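To start, the structure itself, in structure tokens.
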Protein chains: 2
Amino acid sequence: MDSNATEEKDRLTGTWAEFALGRLDTAGYRRGGSRSQVIDYLATRDCAVTAPEIDERLEGVGRASVYRTLEQLEELELVQKVDLGGDSAAFEKVDPAGHHHHHLVCTRCGRVLPFEDEALEEAIHELPAKEGFTIEGHEVTLRGTCRRCGAD
Amino acid sequence: MDSNATEEKDRLTGTWAEFALGRLDTAGYRRGGSRSQVIDYLATRDCAVTAPEIDERLEGVGRASVYRTLEQLEELELVQKVDLGGDSAAFEKVDPAGHHHHHLVCTRCGRVLPFEDEALEEAIHELPAKEGFTIEGHEVTLRGTCRRCGAD
DNA sequence: GTATGTGCAAAGGCTTTGCACACGT
DNA sequence: ACGTGTGCAAAGCCTTTGCACATAC
């Protein structure tokens, strides 16, 4: 079961990386080692990562390339910027299938945990009619104590 | 009617400024001109303002005092930091009565508009039970087109 | 008179930009 | 070969900090 779940995850993240590379190709970008490394790293992460974190993790890849790649990926909507209140901006891959999650930032340990909730999504989708505007995107950030810290 | 609404607003913002000054006093802070100016400015604004914006608006008040005041006010929960994705952090007064709103950032004109929604609040308050964590605060940010820009 | 408040300037971090060189096509 | 991709270093912002002077108490 667990190996099954892992395979499933690998398949999906692999799909995202391939999807991203394909879109970049279509958009006229050439292939480059630094960009590929950033994409591969993002593919392994299911939730938000900061730019400095990516830079630190990827040896031989310059900061500039990290930021430039993130900018390009965001432009193509392959990656999404997430504002979690830290000193640096965080990014995460966008699921081609359309699923998305929101974030809980633990005020004790600093962990960022993803969560999904259908009722929340519905409430948000009801808003445009009530308030009279068009929604292109939404972001929900919770601050609180995560399960692990709450058990302390 | 309009003068009535204005009076009501003045009364409430006046209340917030007085409340803030009182809390600062209780917390052992002395009075200072710069801090008062920042408080008075925040009192006039019903939605998020950035620190550089406050600094620019208040002549004779140093940047450092703006940031220091915001830090103190946030510590006493008189002001709340809001992450709207811009280059700088935004702040807004916290309603002593407990009401709060969320934000729509217009991708066309950059305006930040406040909105409230009961169904959304309910959905958020249901989350802890489902996900198993404790919520201390939450923030919802919508990106889209505001009424004014949508009419263009 | 003493401790806090404040402004200025410098320092710190994150992010962007300029430029020369490496690499993909 | 040509144009894009990349690393390095410098520059730009926002924010924080150090320090000397002003001010509240």
Side-chain angles (χ1 to χ4, degrees), chain A residues 17 20-42 48-76 78-92 110 112, chain B residues 17 20-42 48-76 78-92 110 112:
Chain A
L21 259 2
R23 289 270 309 220
L24 285 163
D25 190 46
T26 302
Y29 289 99
R30 291 184 183 174
R31 297 212 152 189
S34 292
R35 185 149 56 213
S36 298
Q37 281 191 67
V38 172
I39 290 171
D40 287 345
Y41 183 64
L42 285 168
V49 212
T50 65
E53 197 175 335
I54 298 172
D55 176 46
E56 189 181 12
R57 190 68 184 278
L58 266 32
E59 304 203 354
V61 176
R63 246 163 306 168
S65 294
V66 171
Y67 282 105
R68 283 190 278 240
T69 297
L70 290 171
E71 188 184 350
Q72 295 157 353
L73 293 174
E74 194 185 6
E75 182 65 33
L76 295 175
L78 293 166
V79 141
Q80 180 183 21
K81 188 188 286 189
V82 183
D83 297 301
L84 298 175
D87 296 324
S88 42
F91 298 82
E92 63 189 9
V112 176
Chain B
L21 259 2
R23 292 268 310 220
L24 285 164
D25 190 47
T26 302
Y29 289 99
R30 293 184 182 174
R31 298 215 150 187
S34 292
R35 186 150 54 214
S36 299
Q37 281 192 67
V38 172
I39 291 172
D40 287 345
Y41 182 64
L42 285 168
V49 212
T50 65
E53 196 177 334
I54 298 172
D55 176 46
E56 189 182 11
R57 190 68 184 276
L58 266 32
E59 304 203 353
V61 176
R63 246 165 306 168
S65 294
V66 171
Y67 282 104
R68 282 191 278 241
T69 297
L70 290 171
E71 188 185 351
Q72 294 158 352
L73 294 174
E74 194 185 7
E75 182 64 33
L76 295 175
L78 293 165
V79 141
Q80 181 184 21
K81 189 189 283 189
V82 183
D83 296 302
L84 297 175
D87 296 324
S88 42
F91 299 82
E92 62 189 10
V112 177

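Since this is a predicted model, take the numbers as computed values, not measurements. A note on names: the letters A, B, ... follow the listed sequences, proteins ahead of strands, and every chain is numbered from 1. Values below: all heavy atoms of this structure, side chains included; hydrogens, waters and symmetry mates excluded.
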Without decimals, in angstroms, what is the distance between B/Ile39 CD1 and C/dT6 C1'? 15 Å
According to side-chain hydrogen bond (donor to acceptor under 3.5 Å, both in side chains), who are the partners of B/Asp55, at least two apart in sequence or on a separate chain? none
Per-nucleotide protein contact along nucleotides 15-22 of chain D, 5' to 3', at a 4.0 Å heavy-atom cut-off (B base, S sugar-phosphate only, - neither), is BBBB----
Taking N or O atoms only and anything under 3.5 Å, show me the protein contacts with nucleotides 22-25 of chain C, one pair per line.
{"residue": "C/dG24", "atom": "N2", "partner": "A/Arg30", "partner atom": "NH1", "Å": "2.7"}
{"residue": "C/dG24", "atom": "N2", "partner": "A/Arg30", "partner atom": "NH2", "Å": "3.2"}
{"residue": "C/dG24", "atom": "N3", "partner": "A/Arg30", "partner atom": "NH1", "Å": "3.2"}

Give the minimum heavy-atom separation between B/Ala17 and B/Asp40, together with the two atoms involved. CB-OD1, 4.4 Å
Residue list, side-chain hydrogen bond (donor to acceptor under 3.5 Å, both in side chains) with A/Arg57, at least two apart or on another chain: A/Tyr41
Taking only the side-chain nitrogens and oxygens of A/Ser65, find out if one of them lies under 4.0 Å from OP1 or OP2 of D/dG5. no
Check the distance between C/dG5's P and B/Gln37's CD and give it to me in whole angstrom. 16 Å
Rounding to a whole Å, what distance do you find between A/Leu84:CG and C/dC14:P? 15 Å
All heavy atoms of B/Phe91 vs all of B/Leu42, minimum pair found to be O-CD2, 4.4 Å
Throw together a table of side-chain donor-acceptor distances under 3.5 angstrom for residues 60-75 of chain A, partners on residues two or more places apart or in other chains.
{"residue": "A/Thr69", "atom": "OG1", "partner": "A/Ser65", "partner atom": "O", "Å": "2.8"}
{"residue": "A/Gln72", "atom": "OE1", "partner": "A/Arg35", "partner atom": "NH1", "Å": "2.7"}

Round to the nearest Å and state the distance from A/Asp55 atom CG to C/dG13 atom P. 15 Å
Within this structure, what is the CD1-to-C1' distance between A/Ile54 and D/dT6, rounded to whole angstrom? 16 Å
Closer than 3.5 angstrom, by distance alone: can the side chain of A/Arg23 be matched with the main-chain N or O of A/Leu76 as a donor-acceptor pair? yes
In whole Å, what is the span from the CG atom of A/Leu70 to the P atom of C/dT16? 9 Å
A/Leu84 meets the side chain to side chain contact (heavy atoms under 4.5 Å, CB included) criterion, sequence neighbours left out, with A/Ala48, A/Val82, A/Ala90, A/His103, A/Val105, A/Val112, A/Thr141
Could you tell me which non-hydrogen atom of B/Gly85 sits nearest to which non-hydrogen atom of A/Asp83, and how far apart they are? CA-OD2, 3.1 Å
